[in-house]
Asker: 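After the structure tokens below, expect a handful of questions from me.
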Amino acid sequence: MIRNFSHIDAIAREGTPVRLAALATDQEEFLRTIKIARDLGYITPILIGERETICRVAQEVQFDLSSVKIHEERDLQAVANKGIELLFDGEADIAMKGHIPTSFVYRSIIHHEKLIRGRKSISVNTLWDVPGADHLITITDTGVSIAPGYETKKRILAESVFLMRLLGYPAPRVMILSASGTWQDGAGKSGDRSMLKADADRGDFGPCEVLEAASLWELYPSQEFMDISGSDRSLPFLPHVFMVPHLDAGNILSKLDFILDVTRRSLVMTSRGPVIIPSRSDTHQAIVGEVALGVVVARRLRGMSP
Amino acid sequence: MKRIAGYIKEALRAGYKPLLICAPADDDGLLEMLPTLCPMVVPMLVGNEEEIQRSLAHLNLDTRYYEVVHEPDRKRACEKAIDEALRDPSAILMEGGRGRPLQEALRKNRHTAQLFSNASHITWVDDPHRKRSFMVADTLIHPQPDLKDKIAILNTVLSVARRLESETPKVVALAALEYVNPSIPSTVDAAVLSKMAERHQFGDTLVEGPLDIDCALSRQACERKRITSLLEGNVDIFLVPDVHSGQSFIQFLSCFGRMGLCGMIAGLPVPVIVPMPYDTSSGRLASAAISSLLSRQGVNYA
């Protein structure tokens, strides 16, 4: 079981580097990230973009490209298509977005999933390493579905539970978040929760437990919880998966690392491997961490060791 | 904005004690708090007198100190409490007990029902690291607000912020991303609110939107995304896209960040304190303190 990101980093450094298709690597910081990830032994990069620009930026960050494969593409959608094609054709194990609009990458993933009759929708899982917690948590979907209906939520949840099992959690605990105490009580949202719980109880998502509780306050009655002071920051029964009602909530929660003492790493799962979509506000250290997560997930998906 | 404890101190220092009408007064947790509340409010308990007296005695509280208005029926107790509050515009209403009987009565009362469109539940979040608090709205009343609702929510919250301390509150209209995307209503609403603020439609204030949470919280995130923001990570009011995102936001802050929370409904004739899942005794005290400070200024929210 992988309990924190240090563990992820340690595993990523072991074993054979995986092939990473880097989409639009014409920015200094992004190329530096790729270089660091390669130097750490995480990846063998495959670069896609304008060769001339890539070579110029590589010189600036002292990145020797003599043994690095570069696919020349100028149009940004073509860059996304090429990277995702490499992933789906098995020529890359992970893809990572560089300086390119996220929607171009999603469009390309959805196109390739259709071609292989794979996933009907995609979702972003944002993992958190929470000090005091004895396991990682994931928040989903934090990046794709604006207002998912029940069927989409079912796919999002299945994806997330699968990811957490891949990381070594045999039966992840799931909390389907929704507001409580409102006048209309968001009937649609709580309706979805009971249906998803019934699906989970039937075994539709494999081993997992969907909790009755729709908020952390139900798990940690505030009075007792908030009275815990000082260094005791344990969070007993903390769920492994938090499923948000919509994109607004997902985005707000996932990036609370800007105010909370937690660390964040995100990825998109596809039928052929993970795709890393760093936020434009992420530092290169944060992105290297996301690559490590992608490496571990890719290896486990392909049955590679470790 | 000052830390939540600062509001408690200020309310205690003020020496002004508005009437706090509790209905239905059948919540032991609420009754237990009375001695702590008394230095800043004068409680009036509306409910079954016999049961209230019994509970007070059980809690070792001197029954003579508290005014009790006898009304055994919970629904009628709430109606009576609202009538009392309407007679005293500097009063505060506090809901006790199970269910939402007071809110239900407020929504049905002919003097208050129509005001709910302007009402907003505001949650104050105490950020110990930044040594300040900030407001989040709406965290209860409008599950899925449209632009019109958001304008009303913003006006109400701004009015409270200005009366409490901040003459030029800094507001972020949160959305899933910092660009306007016609498919994501929160981004469009936020852009409109921001433009309205630019045209001074909300008075002296700064409203930035759409902004995602990283840009709202961090100047560095703005720089990386090449967003020019005057907020500089220094936000007084987070206007959330809807109640689901608002409650998720504050619950993660309270549970993962151990940040204290308190809140009240503004926009009705008097401040209304309702039970929230995050309630603690210190939070309820802070809610009463903030409501007291607002009522001290003779605020007529309507």
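The analysis underlying the following values was restricted to heavy atoms, covering all of them including side chains, and did not include hydrogens, waters or symmetry mates. Quick note on labels: first sequence line is chain A, next is B, and so on, each numbered from 1. Everything numeric here is computed off the predicted structure, so don't read it as measured data.
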Asker: Go through B/F256 and A/L238 one step at a time and tell me if the side-chain contact (heavy atoms from CB on, under 4.5 Å) criterion holds.
Answerer: CA-CA 11 Å; B/F256 290 113; A/L238 182 69; 3.8 Å; yes
Asker: Checking side chain to side chain donor-acceptor pair (under 3.5 Å) for the pair A/D261/B/H129: CA distance, chi angles, key distance, verdict?
Answerer: CA-CA 10 Å; A/D261 179 23; B/H129 304 295; over 6 Å; no
Asker: Answer yes or no: does atom NZ of B/K2 have more than 12 heavy-atom neighbours from other residues, nucleotides or ligands under 6.0 Å?
Answerer: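 Atom NZ in B/K2 is crowded, with more than 12 foreign heavy atoms closer than 6.0 Å.
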Asker: For A/N251 and B/L177: C-alpha separation, side-chain torsions, deciding distance, then whether side-chain contact (heavy atoms from CB on, under 4.5 Å) applies.
Answerer: CA-CA 8 Å; A/N251 190 278; B/L177 66 163; 5.6 Å; no
Asker: Show your reasoning for whether side-chain contact (heavy atoms from CB on, under 4.5 Å) applies to B/I184 and A/D248.
Answerer: CA-CA 9 Å; B/I184 306 178; A/D248 284 323; 4.1 Å; yes
Asker: Please report the interatomic distance OG1(B/T187) to CG(A/L247), rounded to the nearest 0.5 Å.
Answerer: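 Rounded to the nearest 0.5 Å, the OG1-CG separation comes to 10.0 Å.
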Asker: Hey, could you give me the CG/CD1 distance between A/L253 and B/I213, rounded to the nearest 0.5 Å?
Answerer: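 Here the rounded value is 9.0 Å.
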Asker: Can you check whether A/F258 reaches B/C215 side chain to side chain, under 4.5 Å on heavy atoms?
Answerer: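 No, too far: nothing below the 4.5 Å cut-off.
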Asker: Under a 4.5 Å heavy-atom cut-off, does chain B meet the side chain of A/T283, its backbone, both or neither?
Answerer: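 Both parts, backbone and side chain.
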Asker: Would you mind telling me which of A/T142, A/V262, A/D282, A/V244 has the largest number of heavy-atom pairs within less than 4.5 Å of chain B?
Answerer: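 The answer is A/D282.
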Asker: Side chain of B/H244, backbone of A/A179: donor and acceptor closer than 3.5 Å?
Answerer: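 Such a contact is found between B/H244 side chain and A/A179 backbone.
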Asker: Start with the C-alpha distance between A/S281 and B/Q220, add both sets of side-chain angles, then the distance that settles side-chain contact (heavy atoms from CB on, under 4.5 Å), and finish with yes or no.
Answerer: CA-CA 8 Å; A/S281 58; B/Q220 285 76 20; over 6 Å; no
Asker: Determine whether B/L261 and A/W217 make a side-chain contact, defined as any pair of heavy atoms from C-beta on separated by less than 4.5 Å.
Answerer: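 Yes - at least one pair of side-chain heavy atoms lies under 4.5 Å apart.
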Asker: Once rounded to the nearest 0.5 Å, what's the spacing between atom OG of A/S279 and atom CG of B/D212?
Answerer: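 The CG atom of B/D212 is 7.0 Å from OG of A/S279, to the nearest 0.5 Å.
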Asker: Less than 4.5 Å to any heavy atom of chain A: does that hold for the side chain of B/I227, its backbone, both, or neither?
Answerer: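 Contact with chain A: none, neither part.
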Asker: Can you list everything that forms a salt bridge (charged side-chain N to carboxylate O under 4.0 Å, His left out) with A/R32? Sequence neighbours excluded, please.
Answerer: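 Here the qualifying residues are A/E28.
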Asker: Please classify the contact between B/I250 and chain A as side chain, backbone, both or neither, with a heavy-atom cut-off of under 4.5 Å.
Answerer: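 Both the backbone and the side chain of B/I250 come within 4.5 Å of chain A.
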Asker: Quick one: what part of B/N181 sits under 4.5 Å from any heavy atom of chain A, side chain, backbone, both or neither?
Answerer: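 Contact with chain A is absent: no heavy atom of B/N181 under 4.5 Å.
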Asker: Donor-acceptor pair, distance only, cut-off 3.5 Å: does the side chain of B/Q251 make one with the backbone of A/L216?
Answerer: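 Such a contact is found between B/Q251 side chain and A/L216 backbone.
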Asker: Any non-hydrogen side-chain atom of A/I252 less than 4.5 Å from a side-chain atom of B/S248?
Answerer: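 Answer no - side chains too far apart.
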Asker: Could you tell me whether the side chain of A/W128 reaches within less than 4.5 Å of the side chain of B/F252, counting heavy atoms only?
Answerer: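 Yes, their side chains come closer than 4.5 Å.
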Asker: For B/S183, which atoms come within 4.5 Å of any heavy atom of chain A: side chain, backbone, both, or neither?
Answerer: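 Looking at B/S183, backbone and side chain both touch chain A.
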Asker: Taking the side chain as C-beta and beyond, is there a heavy-atom pair between B/S245 and A/H246 under 4.5 Å?
Answerer: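 Contact flag for B/S245/A/H246 side chains = yes.
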Asker: Most heavy-atom pairs under 4.5 angstrom with chain B, which of A/R280, A/E29, A/K255?
Answerer: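 Result: the option with the highest number of such pairs is A/R280.
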Asker: What is the distance from atom CD1 of A/I259 to atom CG of B/D127, rounded to the nearest 0.5 Å?
Answerer: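 Reported to 0.5 Å precision, the distance equals 4.5 Å.
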